[in-house]
Structure formats: structure tokens, C-alpha cells
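In what follows, chains are A, B, ... by sequence order, proteins preceding strands, each numbered from 1. This structure is a prediction, so every number in the text was calculated from the model and none was measured.
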Amino acid sequence: MRYWLYKSEPATWSWDQQKAKGDVGEEWTGVRNYQARNFMREMKIGDRGFFYHSNEGKEVVGIVEVVREIHPDSSADDPKWECVDIKAVMDVPNPVTLDRIKGEDKLKDMVLVNNSRLSVQPVAEDEFAHVCTMGGVDPKQAMKG
DNA sequence: GCCAACGTTGGC
DNA sequence: GCCAACGTTGGC
């Protein structure tokens with residue numbers, strides 16, 4: 001299993017809205033960047049990820065799971081843009097802010113820290129576990145399929 | 001609201 | 001195929 005991070009501006013699509021979709025989940029539409037799209041092409045059903053609020057909050061607020069693999073983005077005019085569907089799995093009780101992440105030596109290589117503009121990005125397994133712990137989530141719970 | 005970083009576009 | 005101009009993202 002691999003781990004990911006999805007950014008969303010809460011004003012556009014918030015964690016509460018994602019949770020309201022329940023286990024059916026929702027298409028992760030709107031990605032218009034090749035790097036981000038290519039990462040979504042690598043995703044498998046069951047892969048876990050972080051839901052991150054950009055701009056407002058700047059924090060990891062939830063754990064999500066891939067429920068449908070790559071397919072055309074229904075919001076795109078051009079079929080080259082594709083996406084996956086994800087569902088909310090659990091809250092992160094103590095949202096992990098970007099500031100806290102930047103303060104952790106173990107997380108200095110996170111894509112979030114080094115490429116702030118990439119909206120869908122991979123997270124290393126140990127990074128994922130560490131952020132879970134910081135957020136008050138049991139990594140075993142968050143990382144099992 | 002500003003601007004740095006990054007991606008894309010298009011002229012040459 | 002280079003690179004200047006432009007647009008967008010997202011942290012500050």
C-alpha cells in the first residue's frame with residue numbers, strides 16, 4: 001500500500017463536505033497538473049492518504065482512502081485530465097499544521113514542505129505514521145486497509 | 001494582498 | 001528547442 005496527500009482549499013471543498021459523502025466517496029476533480037495526475041494514476045483501491053486544508057488552516061484534518069482508481073475527470077473538458085475517487089475514513093483529532101510539520105526533523109523531506117504547489121503528492125510510510133501520531137491518530141488504525 | 005515558485009504557452 | 005511572458009497556487 002502507498003500513502004498520499006490531497007490538498008483542498010476548504011472554501012472550495014472541505015473535510016466536512018468530504019465526510020458528508022460517506023463511504024461512497026467523491027471524485028477528486030479539478031487537478032490540472034500532470035505531476036499530480038500521474039500520481040493519481042499510480043493509486044490503488046485501499047491506498048490511504050491525508051486530507052489537507054490549504055490556504056485556510058494549512059493542516060492535515062483527515063484520513064482518506066481510494067475507492068475508485070483512475071478514470072476521466074467528469075469536470076474536465078479535455079479527456080487527458082483524470083482522477084480517482086476517495087472517501088473519508090477518520091478524523092485527525094489534533095489537526096497537524098504545516099508549522100508543526102516544518103518543525104519536525106523527521107518530516108523535512110516531505111513533499112508538502114519542499115514543493116508547496118503540488119496538490120496531490122506521495123507521502124513516505126514513515127512520514128505518514130509520524131504525522132498520524134502527531135495528530136492523535138493510531139497509525140495502525142490509519143494505515144491498515 | 002503580495003510574491004516566490006512552478007508550469008505552460010507561444011514566438012523565434 | 002530555447003526562453004520570455006504569463007497564469008496559478010499557496011504560504012506568508
Side-chain angles (χ1 to χ4, degrees), chain A residues 1-22 24-139 142-143:
Chain A
M1 170 174 320
R2 297 185 63 187
Y3 303 93
W4 310 95
L5 183 145
Y6 307 80
K7 282 186 196 172
S8 184
E9 291 192 40
T12 305
W13 183 253
S14 71
W15 177 234
D16 282 344
Q17 286 173 289
Q18 182 70 51
K19 282 196 290 185
K21 291 290 176 177
V24 176
E26 179 75 351
E27 272 188 288
W28 196 253
T29 56
V31 171
R32 302 290 182 270
N33 171 285
Y34 290 104
Q35 253 188 300
R37 185 207 62 188
N38 290 344
F39 284 130
M40 288 196 288
R41 285 181 169 178
E42 297 175 19
M43 294 178 181
K44 300 292 182 197
I45 286 181
D47 278 2
R48 293 285 171 95
F50 290 131
F51 192 105
Y52 175 85
H53 275 165
S54 62
N55 251 309
E56 274 175 74
K58 282 169 284 187
E59 58 193 6
V60 173
V61 292
I63 309 290
V64 295
E65 181 178 316
V66 175
V67 292
R68 187 180 170 200
E69 292 175 11
I70 198 77
H71 59 83
D73 178 338
S74 66
S75 76
D77 298 330
D78 191 324
K80 72 184 177 187
W81 298 120
E82 302 167 322
C83 66
V84 297
D85 289 14
I86 60 173
K87 70 168 184 179
V89 174
M90 64 183 88
D91 288 314
V92 171
N94 303 309
V96 183
T97 63
L98 183 61
D99 274 354
R100 285 173 70 203
I101 288 171
K102 284 185 168 174
E104 291 285 317
D105 194 54
K106 283 181 184 170
L107 302 177
K108 66 175 175 10
D109 293 327
M110 272 189 80
V111 179
L112 188 67
V113 174
N114 297 300
N115 183 357
S116 66
R117 295 193 48 202
L118 189 60
S119 63
V120 175
Q121 53 185 257
V123 176
E125 190 172 353
D126 56 340
E127 292 167 348
F128 196 88
H130 195 66
V131 173
C132 284
T133 304
M134 290 170 73
V137 173
D138 179 357
M143 298 171 78

### Message
Out of the candidates A/Tyr6, A/Trp4, A/Phe128, only one should pair with A/Phe50 under the ring pair (Phe, Tyr, Trp, His ring centres under 6.0 Å) rule; please name it.
### Response
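Running ring pair (Phe, Tyr, Trp, His ring centres under 6.0 Å) over A/Tyr6, A/Trp4, A/Phe128 with A/Phe50 returns exactly one hit, A/Phe128.
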#### Entry: Short side-chain N/O contact to C/dG11 OP1/OP2 from A/Tyr52, under 4.0 Å
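Yes, A/Tyr52 has a side-chain N/O under 4.0 Å of OP1/OP2 on C/dG11.
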### Message
Less than 4.0 angstrom between a side-chain N/O of A/Lys58 and OP1 or OP2 of C/dT9, yes or no?
### Response
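Looking at the OP1 and OP2 atoms of C/dT9, neither is under 4.0 Å from any side-chain N or O of A/Lys58.
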### Query
Any chance the side chains of A/Arg117 and A/Ser54 put a donor and an acceptor closer than 3.5 Å?
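The answer is no; no qualifying pair exists.
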### Task
Assign A/Lys7 to base, sugar-phosphate, or nothing according to its heavy-atom contacts below 4.0 angstrom with the strands shown.
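Contact class for A/Lys7: sugar-phosphate only.
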### Message
Taking the nucleotide of DNA chain B with the nearest heavy atom to each, does A/Asn55 or A/Ser116 sit closer to the 5' end?
### Response
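This one resolves to A/Asn55.
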Minimum-distance nucleotide to [X] side chain [options: [options]]:
X: A/Lys102; options: B/dC6, C/dG11, B/dG7; value: C/dG11
X: A/Tyr34; options: B/dT8, B/dC6, C/dC12; value: B/dT8
X: A/Asp99; options: C/dG10, C/dC12, B/dC6; value: C/dC12

How long is the line joining [atom1] of [X] and [atom2] of [N], in whole Å?
X: A/Asn33; N: B/dC6; atom1: CG; atom2: P; value: 12 Å
X: A/Arg37; N: B/dC6; atom1: CZ; atom2: P; value: 21 Å
X: A/Arg117; N: B/dC3; atom1: CZ; atom2: C1'; value: 12 Å
X: A/Asn115; N: B/dA4; atom1: CG; atom2: C1'; value: 12 Å
X: A/Met110; N: C/dG11; atom1: CE; atom2: P; value: 12 Å
X: A/Gln35; N: B/dA5; atom1: CD; atom2: P; value: 17 Å

#### Entry: Pair A/Phe51 + A/Trp28: ring centers closer than 6.0 Å
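Under 6.0 Å, so yes.
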#### Entry: Test item: A/Pro93 and A/Val137 side chains (from C-beta on) under 4.5 Å apart, heavy atoms
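SC-SC contact between A/Pro93 and A/Val137 confirmed.
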### Query
Quick one: does A/Arg32 reach the base of C/dT8 with a side-chain donor-acceptor pair under 3.5 Å?
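No, the side chain and the base share no sub-3.5 Å donor-acceptor pair.
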